[in-house]
Student: 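Attaching a single structure in structure tokens format; questions to follow.
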Amino acid sequence: MPTPSTSTQTLPGTANYPACTPLMEMRDVKQHYAVHRHLPIGPRKFVKALHGVDLSVHAGETLGVIGESGCGKSTLARVMAGLEKPTQGQVFFRGEDINTLRGDEKKEMRRNIQLIFQDPYSSLNPRMTVEQLVSEPYEIHPEVAPKAGRKAKIKELLELVGLNPNHSDRYPHNFSGGQQQRIGIARGIALNPKMLICDEPVSALDVSVRAQVVNLLDDLQKELGLSYLFIAHDLQIVRHISDRVATMYLGRVVELGTYSDVYDSTAQPYTRALMSAAPELRRNDGNDREKIILQGDPPSPIDPPAGCRFHTRCPMAQAICATREPELIAVGDSHEARCHFAKDLAAEFVQRAGA
Amino acid sequence: MSSTRKANSMGIHQHANPAADAADDVLLRVKDLEVEFNTSKGVATAVNGMNLEVKRGQALGILGESGSGKSVTARAIMGILDMPPAHIPRGEILLEGEDLLTVTPRRHRQLVGSRVTMVFQDALTALNPVHPVGRQIGELYRVHRGYSRRDAKAAAIKMMDKVRIPAAAKRVNDYPHQFSGGMRQRIVIAMALALDPVLLIADEPTTALDVTVQAQILELLKEQQEERNMGLILITHDISVVREVTDQVAVMYAGRVVEHGPTAEVLSRPGHPYSRGLAASIAGEELKGRRLPAILGTPPDLLHLPAGCSFANRCAFASEACAASVPALELIDEARHSACFHTSEVLAHANA
Amino acid sequence: MSQNTETTPGTAPATDPLAPTNPITVPSGIRPPAGPPAPAASFRRKPAKKVNRGPVWLKPRFLVSGTIVALMLLMAAFPQLFAGFGSDPTANCDIMNTNQAPSPEHIFGMDIQGCDYYTNVIYGARASILVGIVVTAISFVISALLGSLAGYFGGWVDTLISRACDMAFGLPFILAAIVVLQLFSERTVWTVIFALALFSWPGGVRFMRSSVMEVRNREYVQASRLLGAGNGRIIAKHIIPNSLTPLLVLQTLGIGGVISAEAGLTFIGIGLTPPSVSWGLQLAAAREYISAAPHLLIFPAIFLTITVLGFVLFGEAMRDEFDPKGK
């Protein structure tokens, strides 16, 4: 099986990823936030936003992350981008722990990892023009584009993201949400990063503009050889853009595999419930999924349930689920699921497909 | 599917005849509604000639993006627009034949809040944080029905049971912040249903909720609507939600309904280029690895709406006629209306 | 695909316009290519009830207060424009005319020394305005500096600055100013400015600190940090520009207060001392002749009131304009 040798090639959405070193890797990352106590006595409590996450993103690949609010996916983005230092565990970029880098190495890392925010407007300084916004990366890293050629570079960049360069003296509020997100993307790719972390980049956009931005991200990936961590709650969009998909629940990765593994032979009850909440996914895949309506709300990440974190809402929970937390069990070449019955669940789909 | 819903989805859509309302079981009819906002930059037209009707037992989805006027329409129906800056230059909102825009304030209070009620997106702000939820539900019975304190509490517990709040009798004295987001939205729904309204308007009721909780709330809304044979207007930007709950859908764009008809048909065989674009932009599996069919451009500026069709500048079917005049909402097949000069072409594309 | 496509105009693509396409053609986000340009004029718009929504400077409150402020500033800078060139508040005095009532030649009458009172009142603007503006400016600079440091860095820097603020807050403003002023026997405008500025900044620092803390957590600051920007750059480019306007508005609102504080201190005898010319001094001197020569009290009082009112209204107009909630 051929493995992409350079980072600029697009990795097909197949299962050849373990062969090469990942571009970014998280190892056993935990991020706990102390909860403000009303009284200075009593035990300290922590929001366990991430609780032992192992993930990797390979060059040219898109890893989609799905899950509900409070599952830790935004924290994942911030930790991976280096905005927050994890309580425990490491984040590696090309094999180096990003939180130990100093000086030029740190600057180099900064150039290579960028984040696209959910709310395009609040991620743009309202008092800066588009030109100022997009040239900020170059002012910080003048070696990328010397002052002389900067104007041309900015023009090129704006054209690349589909903005009219003649509007570069306007302020963010003069643009629509979709265009603002394009400005954010232009700033994000200005330094030719290798890794773009997209934290719900289309959730704040109108339905009719979402597809435009998704297409733009797709095009940029092909042209610039970017890798994406793509977080979204729109399951269809995640399937569309991702090579691999991870499901998160209460700070843990509960299922991980290629998009077709996760969407078509779902082996984890929580992912199944998520999928079944979208009528398009229920009807379009020919498998005619049944509609699963979970009871109750997601538990608080301060006091996650013992055993399997999902057992309190799981329609197929057994006694063992309340006492022992399952590991990520391999259910296919590239497919892992955190469930005691993952193998049975995966087998179900194989049977159905065969029938 | 219940028999009432079947009957209604087969009912023929008529637009002009108010006399027929009683016989037709039309609960709400919005006619040529316009809502404008005075802003610092000029007059923004939020609703621009809106026509709509909801029949008894019908679940109508209003699908549109931000700025399409869907929430403003709901607020106009409920009479909770801030006026000024908003004002309603023309239009009628007929609730069972009575025009809510011209009735006396006294009559308005009798109708709105009991005959027609509303559920908002943010349940936390819809509930008063300093009163127990049971009292807030019971208050409705005390004010509108003259219940005693004890009866009101019993009725509140019954209502909380109905919306499936576990251990309702125990939780009746809890405060809103003691409930989770999904439970709070259930309480808001309980309040909206307490006085047995004929019509419930839900404005993005699940947008603030998690996907799995959203599924619960939608199921509850649908179940209650069918059980009570009530009219339901579900306002949302989410096609999945519309598909899940509604029988009829009205697609709004720039303050107008551009397509109106049975949900399944509108979404699978849209007759208006905009609804077609919306339906197509759902990333189906077959599009994997290809570009998503996107609607180009951005929605029009409500301060300067074009003279013709508002969608013309984003529309691949647009012709000169579209720039010149606004297409009317016209019957395109037995139960469907579309406001487009090129509906036949749009449908032909869908068939191809 | 469809025979109907021929009937669509030239702008429409020949194939299904929504069919998925593969080639990389980034759609133009600014102006969609398809479709005829829509005429800007709307054909059916009835004019809505005209609401006064013109530019800021045409709003009545802004217009009135702005005019007052401009006039007073002009009066403070160039009193000759109002009192006549070559005028001097202490010249041409004739003790024989002491406390003369207003007359056509001396419209404000004469003061105790028999000097033209109109000239004196006009020249009195300078002290008040100077104190108001300079004290506010000093307080603004201190607030911006300390507030930014405390808000941005947090930790011990914040603790240090915040505690200093608390201590300064603990002293009653007027009392503290009195104590400081007592140390000087002859007090000029600059002495008063020093005393007032010494205790006028804590409110501004707290305000700046909280607005910086808010801006610091905005996503555009995080975006800049992700690009590798250092603290200096983030403060200068992102924090200051986005948190300074509210402080500026707050300080403008305070000018009126500073002016009346100066007049008050001077009136009770611990502010400016002669030979300075100020409204406070004039009011203090007029106290004794209140029944014999009421014009000595009335004219500086009117000027003082109008000035303070002008600055307060101006500050409020600014606040309404720049208050993010009003937008």
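Every chain is numbered from 1 and lettered A, B, ... according to where its sequence line falls, protein lines coming before strand lines. Remember, predicted model here, so these are calculated numbers, not experimental data.
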Student: I need the minimum non-hydrogen distance between B:Arg291 and A:Asn215, along with the two atoms involved.
Tutor: NH2-CB, 3.3 Å
Student: Side chain, backbone, both or neither: which part of A:Ile241 has an atom under 4.5 Å from a heavy atom of chain B?
Tutor: backbone
Student: Any sub-3.5 Å donor-acceptor pair from A:His240's side-chain atoms to B:Arg290's backbone N or O?
Tutor: yes
Student: With a 4.5 angstrom heavy-atom cut-off, is it the side chain or the backbone of A:Val214 that approaches chain B, or both, or neither?
Tutor: side chain
Student: Quick one: CG on A:Asp206 to CG on B:Leu278, what's the gap to the nearest 0.5 Å?
Tutor: 9.5 Å
Student: About how many Å separate CG of A:Leu216 and CG of B:Leu292, when rounded to the nearest 0.5 Å?
Tutor: 12.0 Å
Student: Rounded to the nearest 0.5 Å, what separation is found between the NE2 atom of B:His237 and the CZ atom of A:Arg210?
Tutor: 5.0 Å
Student: As an exercise, state the distance from CD of A:Gln295 to CZ of B:Arg164, rounded to the nearest 0.5 Å.
Tutor: 7.5 Å
Student: Minimum heavy-atom separation for B:Ala215 to A:Ile293, with atom names?
Tutor: O-CD1, 3.8 Å
Student: Ignoring hydrogens, what is the shortest heavy-atom contact between A:Glu68 and B:Val211? Give both atom names and the distance.
Tutor: OE2-N, 3.8 Å
Student: Heavy atoms only: give me the nearest B:Pro293-A:Ala211 pair and the separation to one decimal.
Tutor: O-CB, 4.1 Å
Student: A:Leu294 versus chain B, heavy atoms under 4.5 Å apart: side chain, backbone, both or neither?
Tutor: both
Student: Between B:Leu218 and chain A, which part of the residue has a heavy atom less than 4.5 Å away: side chain, backbone, both or neither?
Tutor: neither
Student: Counting heavy-atom pairs closer than 4.5 Å to chain A, which one of B:Gly67, B:Gly64, B:Ser66, B:Gly182 comes out on top?
Tutor: B:Ser66
